[in-house]
Protein chains: 2
Amino acid sequence: MQTNEALDIEGTANVLKLLGDKTRLTMVKIMSEHECCVCEFVDLFDMSQPAISQHLRKLKDSGIVNEARRGQWIFYSLNQTSPYHSFIQTVIKDLPSQAFKVEELTAQGKRICCD
Amino acid sequence: MQTNEALDIEGTANVLKLLGDKTRLTMVKIMSEHECCVCEFVDLFDMSQPAISQHLRKLKDSGIVNEARRGQWIFYSLNQTSPYHSFIQTVIKDLPSQAFKVEELTAQGKRICCD
DNA sequence: CCAACATATAACCAAATGCTTATGTGTTTA
DNA sequence: TAAACACATAAGCATTTGGTTATATGTTGG
């Protein structure tokens, strides 16, 4: 079992609070498998675009995720340099893969790709 | 690294929400090291007895902890039969030990023991 | 430069959260 | 059996949370 160093209780509680929301937890699991932009999340969740943006902002403010603009789109991904990155990986490790959702997007031609 | 089976996103999010509070996270870490009764938690946290009871109730309602009355006191401990038990162990594994707090209680003669 | 698109922000609101104080319930002991 | 103790529950309240709609900002393409 992997060991993370120097996790303090307060910081960890804050990360867990962020992950303690079904939408954000699913987002994080998705991002652990695929980079995603906002409009993809909007398609994946039954929720307005501002609601999605606000969840992503919380994750970004905490340093859990990165944003990267590519043209029109802003892509979000897990921040691998966060002190909590490996902790988060541990937490989401056994959650069911959400890859099928992204595959459904692809099947519907809704997947954004900037290559 | 240990693997837990069949964790669903919604249930996991609920557990994480419970752990996403500094007080409850500390309580759970303490209980992973020592069984504790309510009055000990009251001594350990700068908080009223009802506040402590309410945190413990949430943990109990979710099946994360057990309660056991022994005489006057009610002792709380991690419920090892919870489907989330090993997941919780994984989450709290690298948090700093809280054993020193219980040792302080013992030093002050405030530790409850029913043997 | 302007229309269309992607995203962020602001303002608002209902529901949930986490505390408080007051009081009820169960157990022990004198 | 009554007082003392441990704990739970109820009610009230301020704050936080997570959504909504409306609007602002930034980017692209005609």
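Residue numbers start from 1 in every chain, and the chains themselves are labelled A, B, ... in the order their sequence lines are given, proteins ahead of strands.
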Could you work out, with side chain to side chain donor-acceptor pair (under 3.5 Å) as the rule, every residue matching [X], not counting sequence neighbours?
X       : answer
B:Gln49 : B:Ser53
A:Lys17 : none
B:Glu10 : A:Lys22

List the residues meeting side-chain contact (heavy atoms from CB on, under 4.5 Å) with [X], not counting sequence neighbours, and say none if there are none.
X        : result
B:Ile74  : B:Glu67, B:Arg69, B:Tyr76
A:Gln108 : A:Leu105, A:Lys110
B:Asp21  : B:Thr23, B:Arg24, B:His55

Taking side chain to side chain donor-acceptor pair (under 3.5 Å) as the cut-off, I'd like each qualifying pair that reaches into residues 95-104 of chain B, sequence neighbours left out, listed once. B:Glu33-B:Ser97, B:Gln98-B:Lys101
Under 3.5 Å, which protein N or O atoms sit close to an N or O of nucleotides 26-30 of chain D? Give each pair with its distance.
none

In the 5' to 3' direction, the nucleotides of DNA chain C bounding the stretch that comes under 4.0 Å of a heavy atom in chain B are C:dT17 to C:dT28
With a 4.0 Å heavy-atom cut-off, tell me which residues in residues 16-33 of chain B come close to DNA chain C, sorted by residue number. B:Lys17, B:Asp21, B:Arg24
Go through residues 50-57 of chain B and report each residue with a non-hydrogen atom lying under 4.0 Å from DNA chain C, sorted by number. B:Pro50, B:Ala51, B:Gln54, B:His55
Can you list every pair that meets salt bridge (Lys or Arg N to Asp or Glu O under 4.0 Å) and has a residue in residues 75-87 of chain B, with sequence neighbours left out? none
